[in-house]
Amino acid sequence: MKKIYKLVLISIFLIFILIQFITYPRNEEEITSNHIFRQEQLSPEIKELLSNACMDCHSAQTKYLWYHKVAPVSWLVNKDVNEGKEHLNFSLWGKMDAFDRIGALDEICDEVKDGKMPIKAYAIMHKGARLTAEQKDALCSWTEKLSEDILAKSNK
């Protein structure tokens, strides 16, 4: 019976080692001219808030922690980042038309106010992503003001 346990443990260990070779491309691009940080005037507070709570999954600039490089965690992180960028990608902000930007801003406020974003698992692991009521209000005020500015520019 001890041989079976030993064989099972060795097998699990070998499988763990082997799955480390199954990797995905990293989401670590440079900030381009289409990025929201280059397209919009952001206060330092909003820029920091977006960096801490949104950019890892909603841009092409993910900051990976050491355990994000270990499978199967790396696979889950990759899945979350890809899903996040499908919904909203701040790195492509400059390529979005005015109405898509306004819709995205409205959705940002709704998701944050409803507690859907940032996702709970992310907020647990990233202290800076745990938004206070004041930060949520500031984010929503920013989204409303930016929406108005975008609408005003598009009507000219």
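None of these values were measured; they are calculated from a predicted model.
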I'd like to check the side-chain contact (heavy atoms from CB on, under 4.5 Å) partners of Lys145; sequence neighbours left out, ordered by chain and number.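 Once residues adjacent in sequence are excluded, the partners of Lys145 under the side-chain contact (heavy atoms from CB on, under 4.5 Å) criterion are Asp149.
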Partner set under side-chain contact (heavy atoms from CB on, under 4.5 Å) for Ser43, not counting sequence neighbours: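 Ser43: side-chain contact (heavy atoms from CB on, under 4.5 Å) contacts with Glu45, Ile46.
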Let me confirm one number: the [atom1]-[atom2] distance from [X] to [Y], rounded to the nearest 0.5 Å.
X      : Y      : atom1 : atom2 : value
Leu139 : Glu111 : CG    : CD    : 11.5 Å
Phe99  : Ser147 : CZ    : OG    : 11.5 Å
Leu131 : Leu49  : CG    : CG    : 5.0 Å
Ile102 : Ser154 : CD1   : OG    : 5.5 Å

Test Ile108 against Leu105 for side-chain contact (heavy atoms from CB on, under 4.5 Å), laying out the working first. CA-CA 5 Å; Ile108 289 167; Leu105 291 165; 4.2 Å; yes
Would you mind reporting whether Ser91 and Thr32 have side-chain heavy atoms less than 4.5 Å apart?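 Result no, sub-4.5 Å side-chain heavy-atom pair not found.
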Please examine the side chains of Tyr5 and Val8, heavy atoms only from C-beta on, and report whether any two atoms are closer than 4.5 Å.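 No; the side chains remain at least 4.5 Å from each other.
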Which residues pass the side chain to side chain donor-acceptor pair (under 3.5 Å) test with Thr62, not counting sequence neighbours?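 Applying side chain to side chain donor-acceptor pair (under 3.5 Å) to Thr62 gives Asn27.
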Who passes side chain to side chain donor-acceptor pair (under 3.5 Å) against His35, sequence neighbours left out?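 So His35 forms a side chain to side chain donor-acceptor pair (under 3.5 Å) with Gln61.
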I'd like a table of donor-acceptor pairs (distance under 3.5 Å, sequence neighbours excluded) in which one partner is a side-chain atom from residues 11-26, with atom names and distances.
from  : atom 1 : to    : atom 2 : distance (Å)
Ser11 : OG     : Leu7  : O      : 2.8
Gln20 : OE1    : Ala71 : N      : 2.9
Gln20 : NE2    : Phe16 : O      : 3.0
Gln20 : NE2    : Ala71 : O      : 3.1

Under 3.5 Å, is there a donor-acceptor pair between the side chain of His87 and the main chain of Gly84?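 A pair under 3.5 Å: no.
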Quick one: do [X] and [Y] end up in the same hydrophobic cluster if we chain Ile, Leu, Val, Met, Phe, Trp and Tyr together by side-chain heavy atoms under 4.5 Å apart?
X      : Y      : result
Met96  : Ile31  : yes
Val81  : Met117 : no
Leu146 : Met55  : yes
Leu42  : Leu92  : no

Shortest non-hydrogen contact from Pro118 toward Ala53: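 In this case the closest contact between Pro118 and Ala53 is CB-O, 3.6 Å.
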Please report the closest heavy-atom contact between Trp93 and Leu88, naming both atoms and the distance.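 Scanning both residues completely, I find the closest heavy atoms to be CZ3-CD1, 4.3 Å.
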Please list all pairs passing the salt bridge (Lys or Arg N to Asp or Glu O under 4.0 Å) test where one or both residues lie in [range], with sequence neighbours left out.
range            : value
residues 72-99   : Lys79-Glu83
residues 29-40   : Glu40-Arg101
residues 121-141 : Lys113-Asp137

If a pair satisfies disulfide (SG to SG under 2.5 Å) and one of its residues is in residues 48-120, list it, with sequence neighbours excluded.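 Matches after skipping sequence neighbours: Cys109-Cys140.
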Who are the salt bridge (charged side-chain N to carboxylate O under 4.0 Å, His left out) partners of Asp100, not counting sequence neighbours?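 For Asp100 there are no salt bridge (charged side-chain N to carboxylate O under 4.0 Å, His left out) partners, ignoring immediate neighbours.
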Charged tip of Lys69 within 45° of Tyr64 ring normal and under 6.0 Å: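 That pair does not qualify as a cation-pi contact.
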Anything under 3.5 Å between a donor and an acceptor, one on a side chain of residues 119-126, the other on a protein residue two or more places apart or in another chain? List them.
from   : atom 1 : to     : atom 2 : distance (Å)
Lys120 : NZ     : Gly115 : O      : 3.4
Tyr122 : OH     : Asp56  : OD2    : 2.6
His126 : ND1    : Tyr122 : O      : 3.0

